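Before any comments, here is the structure.
These numbers come from the heavy atoms of this one structure, side chains and all, not from hydrogens, waters or symmetry mates. What you see is a predicted model; the values in this text were computed from it and never measured. So you know, we letter chains A, B, ... as the sequences are listed, proteins then strands, and number each from 1.
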2 protein chains.
Amino acid sequence: MTIGQTARAAGVGVETIRFYERQGFIDRPPKPLGGGYRRYPSATVERIRLLRQAQGLGFSLREAATLLDLGSRPDARAESIRNQAVQKLADVDRRLEELGAIRGALVELLQTCPREGPASCCSVWQALSQPAAHSPIEGNTTMPQHTRLAIEGMQCDGCVRVVQQALEREPGVQRCIVYLDNGQSEVTHDPDVVTPERLAETLLSTGYRATVVSD
Amino acid sequence: MTIGQTARAAGVGVETIRFYERQGFIDRPPKPLGGGYRRYPSATVERIRLLRQAQGLGFSLREAATLLDLGSRPDARAESIRNQAVQKLADVDRRLEELGAIRGALVELLQTCPREGPASCCSVWQALSQPAAHSPIEGNTTMPQHTRLAIEGMQCDGCVRVVQQALEREPGVQRCIVYLDNGQSEVTHDPDVVTPERLAETLLSTGYRATVVSD
DNA sequence: ATAAAGTCCGTACCGGGGTACGGAGTAAAC
DNA sequence: GTTTACTCCGTACCCCGGTACGGACTTTAT
C-alpha cells in the first residue's frame with residue numbers, strides 16, 4: 001500500500017501520516033532499493049486506528065503510542081495498561097473539576113445578573129472588578145514566608161527526595177522540609193521572589209499536584 | 001511605574017506584559033521624549049488584573065480583552081456583558097459533556113478490567129482492538145534508537161511517573177516506558193539529538209541514578 | 001506517449017499562552 | 001564613580017495536533 005491508500009484506509013490525511021512518522025508514533029517503511037514509493041504494511045493502518053481510538057479516550061498521541069507499545073510486548077500485563085487508564089481517569093477528573101468550578105462561578109454570576117441596565121449593574125462585570133482572592137500584595141519588607149503545601153502522589157522516600165530537590169532548586173526558596181506521612185511540605189521562602197502558587201506550579205511540572213494549605 | 005513595578009503589582013512577569021502588548025491586549029505607553037524607560041499608568045495594573053480574572057472564569061485572553069473593552073464603554077449595557085458570559089457557559093458545558101463522555105468510557109473499561117493477567121485480558125486493551133505487533137522494519141534513514149536504562153531508587157509509581165515525565169521532556173525522546181518491577185526503562189529516542197548517556201544525566205539531575213543497559 | 005494523479009521532502013504556519021536569551025542602553029544605589 | 005539592577009527590543013522557542021505549499025519526481029490511466 002502506498003501512503004495515500006494507507007491514509008484512506010485509516011481515515012486520516014496523508015499529511016497526518018507523515019506527521020506521525022516525524023513524531024515517531026509510527027514506523028516509516030524504507031524506500032524500495034530500486035527507487036519508487038514507500039510501501040506501507042497493513043499493520044500501519046491498524047496502528048493508526050488504534051492511535052485514534054486511544055486519542056478518543058483522552059490520551060495524547062504520545063501516551064497513545066506508549067500504550068500501544070506497552071500492550072504489544074509479549075510479556076505485557078493487564079496491570080500496566082490498566083495503570084495508564086487509571087492515571088488518565090484521574091487526569092480527566094481533575095479537568096472536570098476545574099471546568100465544573102468555572103461553570104459554577106458562571107452560573108452564579110448569571111443568576112444574579114439583571115438582564116438590563118448599565119454594564120456596572122452586571123454581576124459578571126462586578127466579579128471582574130473584585131480583587132483577586134490570592135493577591136500577593138506585599139510591602140517593601142522581605143520577610144521570609146512560611147508556606148505549607150499539600151502534595152498528592154508522594155508514596156515513598158524517593159518521591160520525598162525529588163520533591164525536596166525541586167523545591168530547593170527554585171529561586172527564593174530558603175529551606176524546606178517534606179513529610180511523607182502527611183504528604184505535606186513546609187517551605188521557607190522569599191515571597192517577593194517566589195509565590196506559593198509558583199511553588200505549586202513547580203511541583204506540578206515535576207510531576208506532583210500540590211495545593212497551598214492556608215494556615 | 002516602570003514595567004517591572006507594574007508586573008509585580010499585577011502579579012505577572014515582565015515578559016507577560018510585553019506579550020500582552022504584542023498581542024494588543026493592553027496599551028503600550030510611549031517612550032518619554034527625552035529617552036528613558038516607558039512609564040505605565042496604574043490603570044494598566046488594573047487591566048491586567050481584570051484580564052487574569054476573566055481568564056479564571058474560562059475566557060481566553062482575546063475574549064477577556066473584548067469583554068473589558070465592551071464594559072468600559074460609556075454606553076455599555078449589562079446585556080452585552082451577560083451575553084458573553086452566556087456564550088462562555090455554553091462553551092464550558094460543551095467541554096464538560098465531551099470530558100464526561102470520555103470519563104464514562106474510561107470508568108466502564110476500568111470496571112470490566114481484571115487487575116491481573118496478560119494484557120490481552122485488559123478491557124482497555126481490548127477496546128483498542130487487536131495488537132498488530134508494531135513491526136520493527138529498519139530503514140536506512142536515522143531510525144529512532146531504543147535504549148534500556150537501569151534506574152536506582154524507584155520505589156513507587158509516583159517515582160515511575162516522575163521518571164517518565166523527566167525522560168519525555170528531554171528533547172529527542174519520542175516515547176518511553178518505565179517499569180517499576182525491574183527498575184528499568186525503555187526509551188525510544190533520536191540518537192542524533194540525545195544520547196543514552198545524556199538520558200542518564202537527565203535522570204541524575206532529577207534525582208535518580210541511572211545506567212545504560214546494553215542489550 | 002502523454003497527461004493526470006500520486007508521492008517525496010523540506011519547510012513554514014495555525015492558535016493559545018506564554019518563557020527565554022542576548023546585547024545595548026539607562027537608572028538607581030552605595 | 002562604579003556596580004548592580006532594570007529596561008528595551010528582536011527573535012526564537014515550548015507544547016499539541018496537525019495543515020499547507022511548492023518543486024521535483026514516479027506511477028498509472030488513457
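The residues Lys88(B) and Asp93(B) are annotated as not salt-bridged, no charged nitrogen and carboxylate oxygen being separated by less than 4.0 angstrom. Salt bridge Asp69(B)/Arg47(B): present, at least one basic N to carboxylate O contact under 4.0 Å.
Side chain of Arg49(A) to backbone of Ala9(A): a donor-acceptor contact under 3.5 angstrom is found. Here the side chain of Glu97(B) pairs no donor or acceptor atom with the backbone of Arg94(B) at under 3.5 angstrom.
Counting only heavy atoms from C-beta outward, the side chains of Arg28(A) and Arg38(A) approach each other to under 4.5 Å.
Remark: Arg18(B) is not in phosphate contact with dC9(D), judged by side-chain N or O atoms under 4.0 Å from OP1 or OP2. Listed pair Lys31(B) / dC9(D) meets the phosphate criterion, a side-chain N or O lying under 4.0 Å from OP1 or OP2.
Nearest approach of Ala65(A) to Leu51(A), heavy atoms of both residues: N-CD2, 3.7 Å.
Atom pair Gln5(B):CD and dA5(D):C1' shows a separation of 12 Å (rounding to whole Å applied). One interatomic measurement links the two molecules: CG of Leu61(B) to C1' of dT19(C), which rounds to 15 Å at whole-angstrom precision. Atom P of nucleotide dG17(D) and atom CD of Gln55(A) are separated by 6 Å, given to the nearest angstrom. For the pair Arg62(A) CZ and dC16(D) C1', the interatomic distance rounds to 10 Å; values are reported in whole Å. One can place CZ of Phe25(A) at 11 Å from C1' of dG18(D), the figure rounded to the nearest angstrom. Distance Arg22(A) CZ to dC8(C) C1': 12 Å, rounded to the nearest Å. Between the CD atom of Glu15(B) and the P atom of dC13(D) there is a distance of 16 Å, rounded to whole Å. At whole-Å resolution of the value, CD1 in Ile17(A) and C1' in dA20(D) are 17 Å apart.
The residue Gln23(B) sits apart from the nucleic acid: no heavy atom pair falls under 4.0 Å. Arg38(B) comes within 4.0 angstrom of the backbone, heavy atoms only, and of no base. If you check every strand for non-hydrogen atoms under 4.0 Å, Arg52(B) touches sugar and phosphate atoms only.
The side chain of Arg28(B) lies closest to dC9(D) when the candidates are dT7(D), dG17(D), dC9(D).
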Between the protein and nucleotides 23-29 of chain D, list every N/O to N/O distance that falls short of 3.5 Å.
unit_1  : atom_1 : unit_2   : atom_2 : d
dT26(D) : O2     : Tyr37(A) : OH     : 2.5

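If Thr2(B) and Phe19(A) are placed on DNA chain D by their nearest nucleotide, the residue sitting closer to the 5' end is Thr2(B).
Within 6.0 Å of CD on Gln23(B) lie more than 12 heavy atoms contributed by other residues, nucleotides or ligands.
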